[in-house]
Amino acid sequence: MNDSLLHGVPPPAASHRIADYDHGISAIDAGYLRLGLAAIHLVVEGGQAVLVDTGTCASVASVMGALQAKGLAPEDVAYVCVTHIHLDHAGGAGELMHRLPRAQLVVHPRGARHMADPARLVASARAVYGEAEFARIYGDIRPVDAARILEAPDGLVLELNGRPLRFLDTPGHARHHYCIFDEASRSFFTGDTFGLSYREFDVDGREFVFPTTTPVQFDPAAAHASIDRIMRHDPEHAFLTHYSRIGHLPRHAQAMHELIDAHVDIARGLRDVSGRHAALARGIEELLLQRLAGHGCGLSPEEIRELMDLDVQLNAQGLAHWLDQPAAN
Ligand SMILES: [Zn+2]
């Protein structure tokens, strides 16, 4: 599946695309696989900055360009936060930390040692993508000096020039995942916990959100609980890594709960079929195509497949892995 996973995906674009929101929040396009797929968020408060997620090594130039465009020096970045250690979120952390001399890397306690010694992270990604694809997409993963790593236990509050950022442990997509609540903007930086929402699927300002069940730590009960926990803060917006700001959160939380259950139902129904991966992928694709039609999405099935195929394949792999765990039985 490794080649088919990325078949037809255009090479990464190098352009520095930045979208600015209020409260000093911006989204920098990581250029990961295509534009509009992965965002790196920048929050600026009184000349101090925090980055949320890093993209890959290939994204570092875009981040440095964005800082410069905002009149920020590398020394102004206080924190680099990785919502979790999957490489589309944290692959660029080592290289980025090298360029940001005063920054601390903020990471979930379960992910910290893998940032200091990325050997295992690299080995498991190589196994998924193959040596050549891994090198093309992720490049060299540099370790982060352990002395610059700050573990974020549940409830940690960091202040960016007096602006509190609260870290919540939010398993479900991965056990090494936190989300960040920014009281000033009443918004959450949700990584992959609140799902994916590509701007291409927006219809009249309404977004379409769907879950990511990537291997190897998908946990539906935890995913439901993390969404509820986020919603108890009554946030106005969520900033998703894939891709950036969404509103209408009560509606999306409901849709996420339903779609997580629908993924689990599909998986349980296909537990013992032969050709399980293909069947899972077909089931997930049908589900999402049907929901997108109900959403009023005007894209053709081919256009939708092009945007979503990587996620469909990863969701199928993650569900297959979950089915093989005792917890799924
Ligand atoms: Zn991701």
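Atoms within a ligand are numbered from 1 in the order they appear, just like the ligands themselves. For reference, positions follow the sequence shown, starting with 1. What you see below is based on every heavy atom in this structure, not just the backbone, and it leaves out hydrogens, waters and symmetry mates.
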Are His173 and His86 an aromatic pair by the rule of ring centers under 6.0 Å? yes

Taking the six-membered ring where the residue is Trp, are the ring centres of His89 and His242 under 6.0 Å apart? yes

Look at atom NE2 of His98 and say whether more than 12 heavy atoms of other residues, nucleotides or ligands are closer to it than 6.0 Å. no

Strictly under 2.8 Å of the Zn ion (ligand 1): which protein N/O/S atoms qualify? Asp88 OD2, His89 NE2, Asp192 OD2, His242 NE2

Taken in chain and number order and not counting sequence neighbours, the residues that satisfy side-chain contact (heavy atoms from CB on, under 4.5 Å) with Ala116 are Ala146, Ile149

Restricting to salt bridge (Lys or Arg N to Asp or Glu O under 4.0 Å), what partner residues turn up for Arg282, sequence neighbours left out? none

Can you list, by chain and residue number, the hydrophobic cluster partners of Leu158 when the side-chain cut-off is 4.5 Å? Tyr21, Ile25, Val43, Val50, Val52, Tyr79, Val106, Leu150, Leu156, Leu160, Leu165, Phe167, Tyr178, Ile180, Phe189, Phe239

